[in-house]
Amino acid sequence: MMTIGAYYESFSTQLQALYSKNECGIITDWVFESAASISRSDLLLKATQELSFITIDELNIALQQLLHHKPIQYVLGEAWFYKMKLKVNEHVLIPRPETEELVELIIKNYELKIKDSLSVLDIGTGSGCIPVALKKNLPLATITGVDISAEALLVAKENAVSQKTEINFCQLNFLEEQQWNHLSTYDIIVSNPPYIPINEMEQLDKNVTAFEPPAALFVPDENPLLFYEKIAAFAKTHLNSGGKIFVEVHEAYAKEVAALFSATYTSVEIKKDFSGKERMVTACY
């Protein structure tokens, strides 16, 4: 048998082959809390207590997955986003801090209109993190999330239910313009679409390329603005007067996306994320 303290040290040390010492501590804490119900305070109080064989087996399974580059969020089946614990699996992207900033930007734009009944469309909803976070903070809004993946929508629906939010989800291929007839008009159109050119794949970490859904990440090298072109065209007939577009973008293409929207829309702005990168573009109609 092994004590909680000894196994914790062993677990964290083995992860140092892939992560920094600080990251190892954070990941180990998260695994012990989620997979074994052992909190950081438990660790301090019960370091000499022996672990059961069942718990050791569960922790070993998680460790082996982590050592094969599987993201911690997929190992545990959960991710934190905007103070919510959401379900995730390999059918959806792991929510990123930059996307939290996109949500924050929308909420700040509309927090004074919280009593208004806004209509919102999220294109490429994935885990549903954007619409669920918006609904919790703009409770009177009517929110729709669309995605091409039926598997992703199952995850999104589970997250909406677990967070006690009512979201309309719809499966469609947004790139096929004839499917736009299934959609209404909206005050807010938001999207964190695929925007990484395929030729940048080799620059990404293995835990991204080996596990996260490629269709949610990559666009053809010859047309990196593919989704923004479609969003700009769609919004001409589906964005209400006075409505606004909010999109997350590749930092290398922010100016090009802004120029694309400027051909049709007004008050086009590029917004920087917390690290100073140009990662969001907004436009008014």
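Note that the structure is a prediction, hence the values are computed from the model and not measured. The basis for the numbers below is simple: all heavy atoms, side chains too, and nothing from hydrogens, waters or symmetry mates. One-based numbering along the sequence shown.
With hydrogens and angles left out, the side-chain atoms of D147 and T125 include no donor and acceptor closer than 3.5 Å. A donor atom on one side chain and an acceptor atom on the other are found under 3.5 Å apart for S10 and Q14. A donor and an acceptor atom, one from each side chain of E78 and W30, are located under 3.5 Å apart. Judged by distance alone, the side chains of T55 and E58 never bring a donor and an acceptor atom under 3.5 Å apart. No side-chain donor from either of E200 and Q203 sits under 3.5 Å from a side-chain acceptor of the other.
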inquiry  = Please determine whether ring pair (Phe, Tyr, Trp, His ring centres under 6.0 Å) holds for the pair F32 and F11, giving the CA-CA distance in whole Å, both sets of side-chain angles, and the decisive distance to 0.1 Å.
reply    = CA-CA 10 Å; F32 271 60; F11 194 105; 5.7 Å; yes

request  = For the pair E212 and K70, evaluate salt bridge (charged side-chain N to carboxylate O under 4.0 Å, His left out) and give the outcome as yes or no after the intermediate values.
outcome  = CA-CA 9 Å; E212 298 203 60; K70 190 170 186 177; over 6 Å; no

Side chain to side chain donor-acceptor pair (under 3.5 Å) evaluation trace for N159 with S127 = CA-CA 7 Å; N159 285 327; S127 66; 4.7 Å; no

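For the pair F227/S191, no side-chain contact is recorded, criterion being any heavy-atom separation below 4.5 Å from C-beta on. Considering only heavy atoms from C-beta on, I188 comes within 4.5 Å of I106 through its side chain. At least one side-chain heavy atom of I231 sits less than 4.5 Å from a side-chain heavy atom of F261.
With values rounded to the nearest 0.5 angstrom, N207 atom CG is found 9.0 Å from L18 atom CG. Rounding to the nearest 0.5 Å gives a distance of 9.0 Å between CD1 of I123 and CG of L172. Separating the OH atom in Y195 from the CG atom in L217 is a distance of 9.0 Å, to the nearest 0.5 Å. One finds the CG atom of L239 at 9.0 Å from the SG atom of C284 (value rounded to the nearest 0.5 Å). Rounded to the nearest 0.5 angstrom, Y7 OH and L43 CG are separated by 13.5 Å. Here the OG-NE2 distance, from S184 to H182, works out to 13.5 Å after rounding to the nearest 0.5 Å.
Here K136 pairs with Q163 under the side-chain hydrogen bond (donor to acceptor under 3.5 Å, both in side chains) rule; sequence neighbours left out.
Using modelled atom types, no side-chain atom of T165 and backbone atom of V132 make a donor-acceptor pair closer than 3.5 Å. With hydrogens and angles ignored, the 3.5 Å screen pairs a side-chain donor or acceptor of D273 with a backbone N or O of G276. Panel note: side chain T28, backbone C24; a donor-acceptor pair is recorded below 3.5 Å.
Applying the salt bridge (Lys or Arg N to Asp or Glu O under 4.0 Å) definition to pairs two or more places apart or across chains, those involving residues 229-256 are E177-K230, E248-R279, E251-K277, K255-E278.
Between I143 and the choices V120, L118, L121, the side-chain contact (heavy atoms from CB on, under 4.5 Å) rule is met once, by V120.
Salt-bridge formation is not detected for the pair E23/K21: no Lys NZ or Arg NE/NH1/NH2 atom is positioned less than 4.0 Å from an Asp or Glu carboxylate oxygen.
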